[in-house]
Amino acid sequence: MSASGAYEPRTALGRFVHSFEETAIAVMLGLMTLITFVNVVLRYGFNSSLIWGLEVVLILFAWLVLLGMSYAVKVSAHLGVDAVTALLPPDARRAVALLAAVACLAYAGLLLKGAWDYWAPFAALPETTGRWFPTGLNENTRIRSFFETDQVPMPGFLRFLEDAINEGDRYSKLPRVVPYTMLPIAAALLLYRLVEATIDIWNGRRNSLIVSHEVGDALDELARQDGR
Amino acid sequence: MEVVVLFLMVIGFLVIGVPIAIALGLSSMVFLLVLSNTSLGAIAQSLYQGMAGHYTLLAIPFFILASSFMSTGGVARRIIDFSIACVGHFPGGLAIAGVFACMMFAALSGSSPATVVAIGSIVIAGMQKVGYRKEFAAGVICNAGTLGILIPPSIVMVVYAAATDVSVGRMFLAGVIPGLLAGGMLMTAIYIYARVKDLPRGEWKGFGEVLETGAKAGWGLFLIVIILGGIYGGIFTPTEAAAVAAVYAFLVANFIYRDMGPLKAHEDDPTRTPLPLYRKPYALVTAFFHDDTRRTLFESGKLTVTLMFIIANALILKHVLTDEQIPQQIAAAMLDAGFGPVMFLVMVNVILLIGGQFMEPSGLIVIVAPLVFPIAIELGIDPIHLGIIMVVNMEIGMITPPVGLNLFVTSGVAGMSLMGVVRAALPWMGVLFVFLIMVTYIPALSTWLPTTMMGPEIIIR
Amino acid sequence: ACDPGEMIIKFSHVTNSDNHPKGIAANLFAQRVNDEMNGTACMEVYPNSTLYTDEQVIEAMLRGDVQFGAPSLSLFESITKQFRIFDLPFMFKNLEAVDAFQASEVGTQIKEGMVRRGVLGLEFWHNGMKQISANKPLLMPEDASGLKFRVQPSDVLVAQMEALNASAQPMAFAEVYGALQTGVVDGQENSWANIYGQKFFEVQDGITETNHGIIDYLVITSVDWWEGLDAPVRDQLRTILAEVTDARNAEVAAVDANARQLILDAGGTIRELTDEQRAAWVAAMKPVWTQFEEEVGAENIAAAQAINEQF
Ligand code: NA
Ligand code: NA
């Protein structure tokens, strides 16, 4: 894919994951658009609505960005300022890039703790203790698995959650734990991709974490359009 | 005092090459953990709710998608043909046509860089062919492309509306007159320059040509009617308008222009004639799964991710600022200092122009709007007027280094160095500066149309 | 700003603080805490959803990131379905009846039903009785047939609109004015204070005085935080909150009447119903009760009606 820049998956698994991520991004955006469009048609043409439509679209929106943030690290698509680092000699530039990578790792680490602490009570699991770093598990965690979404119907295949996390109590709507599950997954993926990127910078396989403007997306875009 | 440290931290991270989103998010986390009792869980909640809790921001992916279907689907090319037929015969005609085409594409697209890519990638090369200097062409388009966020629809206006709870529909209307004015000023400046420098002009091919190209571009331009008519005619909300625009653009690109999708002309067909639908009726289904569709969806999704990741982290920063009651402190300090509306607006302009040197526009708006909005209300400044001032500042921020999205894409599209584009854009930026001053001190430019069409703005605080 | 050594108490809500009953009450609460508990506690109020929306504030409170909130009662339906009794149409005649039910044994039991989830309901704050409005005159329930109404996300309210053969549209509150103005939706239901505060009357044909439901809030805190407080601090907070509640709830009728008058003064149309017309609305909407009887509890409905009879 042209706009993915120089990124090429190196292994069969890498190719599969890459293709999975790109398809997931495309499918989520496509579904968001279609559901919203269908709701306009239903309201204007048939005086009805998918009452859960809005909430599902918003959940997909969150999932799209959360899943996409680690993908964007992988293909160096995140925006940043490279005007200053571009002035440095190569060795200093690599040192500064490593420093930036450490900052990013700190972000991902803190986010992962935050995401776990936020999500876990909804899954009837304990939060971690500690303010900056997880120092243990909080045995007095207030379980929040009873929280449901506003309008999303409960699909039958998820009924097992009632016994698993809700003391057998019935869910009349999809429990919030389901949409929130993307948070810890996405934070863990982000951390993983940043560790990879840091190793690549260390080994000199990669210059920085951000999109480089010397050969930006726009050139690829142009090449692509000329090519058709 | 703490807030200065916070912003220095953000700038420090930016300078060493940390992605903008992470620079904002990490600074917020450190600030929060050191100064307050609030937990990291609140950060995670904020990040998730940045998308799931902001219905208005949903317009962003949809407008990106619509714009993307239109540029890959051949709408931009037909709009350019139409502009050349209209104004190509004036002195500097192709440059004026470029601005005109940017204005029309801006009315379909919510973003400035997208406008530059769509129009610039065709017009800049075309201008060089008929004898314009590349610097001139790039400078003009780089500036005119900024109209993408001033002429509705506009992603930056959506972000402003989400950050301050003003109506998106109102903001869109407010951008119409300033957008036409800014485009007019740019075209006038080019006309004068062209007369002085005796730049090449095209030939007038008659009204037949205008009608013919107009009819071809009409399918694309009809989207303006759909978006604005749909919003103000009560068929859908601004967010839904964006989704409808995306679906419409998909249909036009695949089944009318057929520059993409299953009916696209064969590579080895010398006449490049697209297939008629009756030859391949199953295209009605396969278009949804065609690789062109998947690619367009994916590219738009990727752009959404990078933009929304910044906005969501800016929202985390906003949450932290609110948690520490910083906006109240700043408002109190400024009101105590006895600032009047004039001084206040000058300060807003300065803050945004400086901020725009480092930040992506949407993220900057999310952070600055809550800081200045309460003061503006206190001073009796119309929130819609304030919003348009912010948008125009963002336009200028997009063509000034080091972070100027339009500079980046123009350098890519024109094949010039970044500094080359900066120099080329500079003279025309003067026009935008004059325009900024006009917009700042003539509120009616922004408020007249929305007030006339929708009644006076309601302010409840 | 708070002094060093003071316990910081955060109160997050979603309305403006000058005109809205909830915002006014929250500010009064904070003011009294900051005066009378100076040196011990310091309350900061975050209005206008600047910190959390109603949907998010309960989560944040259980996490300990905010101490007080006052979400609308329909928000508690995701914790205890019994709260749906407050959304059922024509359950209460007026705010006095609501007050009496909330103070009754059943009302207290519903409120305390959330304690096992960690949510402690302290006091109910009133906004007012709900009225219905649309872009055409609504005198009989049939007039609402085929129209699109914006409602809060609640199964009961969706069912209530379906009972009128109208469709319920989910929509963010900030979008409602524009949507009513352009006709994306035809109508809405709200209290006088909200209809005036959001200027909905400007973009509607008129407002029909149905008093068919209530808009009410519950001041909540987290059980864990509350029980961790020193007893004297807890008692003082409880006393101040109770006094603020009494004072502000006593004003609500006047605030409502005032908002109603201001709508008339601003040129808005208000339609009152005759007894027959009102009976028709009741007949159309009341079947919704049976739909939710099981979740809400038939005995709770009976108790509410017994109290309602007295007014
Ligand atoms: Na635009
Ligand atoms: Na800039």
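Quantities reported herein were computed from a predicted structural model and do not represent experimental measurements. Note on naming: letters A, B, ... go to the chains in the order of the sequence lines (proteins, then strands), and numbering restarts at 1 for each one.
Residues C/Tyr52 and B/His319 meet the side-chain proximity criterion, which asks for heavy atoms closer than 4.5 Å. Here the side chains of B/Asp323 and C/Tyr46 are in contact, with some heavy-atom distance below 4.5 Å.
Here the straight-line distance linking atom CE of C/Met7 with atom CG of B/Asn37 works out to 11.5 Å at 0.5 Å rounding. Here the CZ atom belonging to B/Arg170 is positioned 6.5 Å from the CD atom belonging to C/Gln181, to the nearest 0.5 angstrom.
B/Ile231 and C/Thr182 get closest at one heavy-atom pair: O-CG2, 3.3 Å. Considering all non-hydrogen atoms of both residues, B/Ser39 and C/Arg63 come closest at OG-NE, 3.7 Å.
Around the CD atom of B/Glu378, the shell of radius 6.0 Å holds no more than 12 heavy atoms that belong to other residues, nucleotides or ligands.
Contact annotation for B/Tyr55: only side-chain heavy atoms (C-beta onward) come within less than 4.5 Å of a heavy atom of chain C.
Side chain of C/Asp65 to backbone of B/Thr38: no donor-acceptor contact under 3.5 angstrom is found.
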- Message: I'd like to know whether C/Gln56 forms a side chain to side chain donor-acceptor pair (under 3.5 Å) with B/Gln45, so could you lay out the CA-CA distance, the side-chain angles of the two residues, the decisive distance to 0.1 Å, and finally the verdict.
- Response: CA-CA 8 Å; C/Gln56 301 159 22; B/Gln45 186 184 20; 4.6 Å; no
